[in-house]
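I have placed the structure first, in the form of structure tokens, so that the comments after it can refer back to it.
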Amino acid sequence: MDDLLHILPWAALACVLTTMIELVVLRLVRDRPAEVMITVLVVVPILAVLIFVVMISGFMFTPQLGWTAITCGLIAIAVIPTAVVLGRRITRRGIQAEAARAAERQVDASRRELVAWVSHDLRTPLSGIRAMSEALQDGVVTDPAEVAGYAGRISTETDRLSRMVDDLFELSKITAGALQLTYRPVPLEDAVSQAVDAVSVTAVRRGVTLAVDPPGNWPTVSGSGPELDRVLRNLLINAVRHTPDGDSVMIIARVDGGTARLTIQDGCGGIPEAELPRVFEVGFRGGSARTPGIDDPQTGAGLGLAIVRGLVELHRGTVTVRNHGPGCRFEVSLPLIN
């Protein structure tokens with residue numbers, strides 16, 4: 001009993017000193033990885049126990065001190081690796097959580113940007129439709145030719161609104177993972193021909209030439225025909241829209257190993273390097289983008305290239321863009337049919 005009473009003050013002092021040392025050391029390593037901090041929490045008490053035994057033994061080597069040292073060493077061997085592994089897991093999960101939060105913030109920012117873009121772009125055709133409808137309703141326009149012209153412009157703006165809604169619906173299905181594709185062999189030559197035919201009227205109206213540089217042997221890719229057609233049409237419409245009158249858009253098809261590469265070269269004059277990483281973002285149309293007007297019925301809400309990226313990724317492919325020559329070069333890579 002007397003020995004216990006003799007030890008208690010030393011034990012209390014050891015607890016206080018251990019707590020103070022841990023607080024000081026943890027403050028010093030607060031910016032270090034989690035495994036360092038957890039290792040400190042483990043090592044300091046073990047050392048404190050060893051020092052405590054040394055103190056109560058009168059700083060003399062005794063059997064009790066020897067067994068205590070061996071026990072502390074075995075505990076350290078067993079616990080320290082576990083502390084390091086646990087700390088690394090905590091660090092890794094913290095990094096993953098931060099990445100998830102960053103991704104969520106980016107999605108929220110993209111969603112807000114999308115709402116802003118769409119609200120702005122919907123307001124323009126709606127305002128035009130409202131103004132023309134009121135003019136017709138109030139009898140401001142009575143000449144048959146003018147009435148027909150107003151009706152045609154209202155139809156054009158209605159078509160644009162319909163395309164915007166379709167794009168939003170398509171993009172929402174892609175981002176939500178609700179778009180299920182049925183993969184089958186798709187001859188790339190047929191897909192390119194259909195897309196060129198669909199865009200040729202717009203190209204002729206704008207004075208832009210569509211040219212195809214075919215490979216030696218057209219490949220067959222694995223994909224969904226309607227979605228691949230949507231990808232090619234969006235890319236071609238984008239290229240034609242930004243290519244000056246009298247210039248040309250080149251479609252280049254090549255085979256690289258087990259991949260088909262389809263390149264669309266336009267004459268847009270290039271995109272600022274700082275904006276290239278944002279080309280496929282929702283709502284992005286570049287610093288030189290103009291508000292859609294009645295004279296350009298193909299202009300949308302900046303969703304076309306975002307849809308392209310989503311559909312290409314669903315096909316297990318990639319799409320990239322870079323400045324090349326007189327404009328931009330979009331390249332779509334798709335897996336060949338097995």
Do Arg254 and Pro219 have side chains that get closer than 4.5 Å, going by heavy atoms? no
Donor-acceptor contact present, side-chain Arg206 to main-chain Arg241, <3.5 Å: yes
Report the C-alpha separation of Ile271 and Cys328 in whole Å, then their side-chain angles, then the decisive distance to 0.1 Å, and conclude whether the side-chain contact (heavy atoms from CB on, under 4.5 Å) test is met. CA-CA 7 Å; Ile271 299 174; Cys328 298; 3.3 Å; yes
First locate atom CG of Asn234, then atom CG of Asp229, and finally report the distance between them rounded to the nearest 0.5 Å. 9.5 Å
For a 4.5 angstrom cut-off between non-hydrogen side-chain atoms, does Val240 reach Leu210? yes
Single-linkage hydrophobic cluster Leu232~Val204, side-chain heavy atoms < 4.5 angstrom: no
Could you tell me whether Arg322 sits above the aromatic face of Phe330, with NZ or CZ closer than 6.0 angstrom to the six-membered ring centre and within 45 degrees of the axis? no
Within the structure provided, determine whether Val332 and Leu334 are in side-chain contact (heavy-atom separation under 4.5 Å). yes
Among Leu305, Val279, Val199, which one satisfies side-chain contact (heavy atoms from CB on, under 4.5 Å) with Asn238? Leu305
Check this for me, if you would: do Asp266 and Arg329 make a salt bridge, where the nitrogen-to-carboxylate-oxygen distance has to be below 4.0 angstrom? no
In this structure, are over 12 heavy atoms from other groups packed under 6.0 Å from Arg130 atom CZ? no
Can you measure from CZ (Arg89) to CD (Gln96) and round to the nearest 0.5 angstrom? 11.5 Å
May I ask you to say whether Glu98 pairs ionically with Arg105, meaning some side-chain N is under 4.0 Å from a carboxylate O? yes
Between Val192 and Trp218, is there a side-chain heavy-atom distance shorter than 4.5 Å? yes
Do Ile251 and Leu236 touch side chain to side chain, with heavy atoms closer than 4.5 Å? yes
Might you point out which heavy atoms bring Leu188 and Ala260 nearest each other, and give the distance in Å? CD2-CB, 4.2 Å
Quick one: are Val249 and Ile264 in side-chain contact, heavy atoms under 4.5 Å? yes
Distance-only, no hydrogens or angles: does the Ser133 side chain make a donor-acceptor pair with backbone N or O of Ile129 under 3.5 Å? yes
Short side-chain to backbone donor-acceptor contact, Ser162 and Thr158, under 3.5 Å: no
Would you give the length of the straight line joining atom CD of Glu275 to atom CG of Asn323, rounded to the nearest 0.5 angstrom? 10.5 Å
Taking C-beta and beyond as the side chain, do Thr220 and Val186 meet within less than 4.5 Å on heavy atoms? no
Backbone of Asp197 reached by a side-chain donor or acceptor of Ser200 within 3.5 Å: yes
Starting at CG of Leu262, measure out to CD1 of Ile252 and round the result to the nearest 0.5 Å. 9.0 Å
Between Glu227 and His315, is any side-chain donor less than 3.5 angstrom from a side-chain acceptor? no
Counting only heavy atoms not in Gln137, do more than 12 sit closer than 6.0 Å to its CD atom? no
Hey, what do you get for CE (Met250) to OG1 (Thr209), rounding to the nearest 0.5 Å? 10.0 Å
Do Met132 and Leu136 touch side chain to side chain, with heavy atoms closer than 4.5 Å? no
Asp143 side chain vs Ala145 backbone, donor-acceptor pair below 3.5 Å: yes
Of all heavy-atom pairs linking Leu181 and Ser224, the shortest is CB-CB, 4.2 Å
Passes side-chain contact (heavy atoms from CB on, under 4.5 Å), Val319 versus Leu311? Steps please. CA-CA 10 Å; Val319 58; Leu311 292 178; over 6 Å; no
With a 3.5 Å distance limit and no angle check, can you tell me whether Ser333 reaches the backbone of Gly317 through a side-chain donor-acceptor pair? no
Under the side-chain contact (heavy atoms from CB on, under 4.5 Å) criterion, do Ile307 and Arg230 qualify, and how do the steps go? CA-CA 9 Å; Ile307 291 174; Arg230 182 72 179 272; 3.6 Å; yes
Roughly how far, to the nearest 0.5 Å, is CG of Asp256 from CG of Leu336? 9.5 Å
Under 4.0 Å between a Lys/Arg side-chain N and an Asp/Glu carboxylate O for Arg153 and Glu157? no
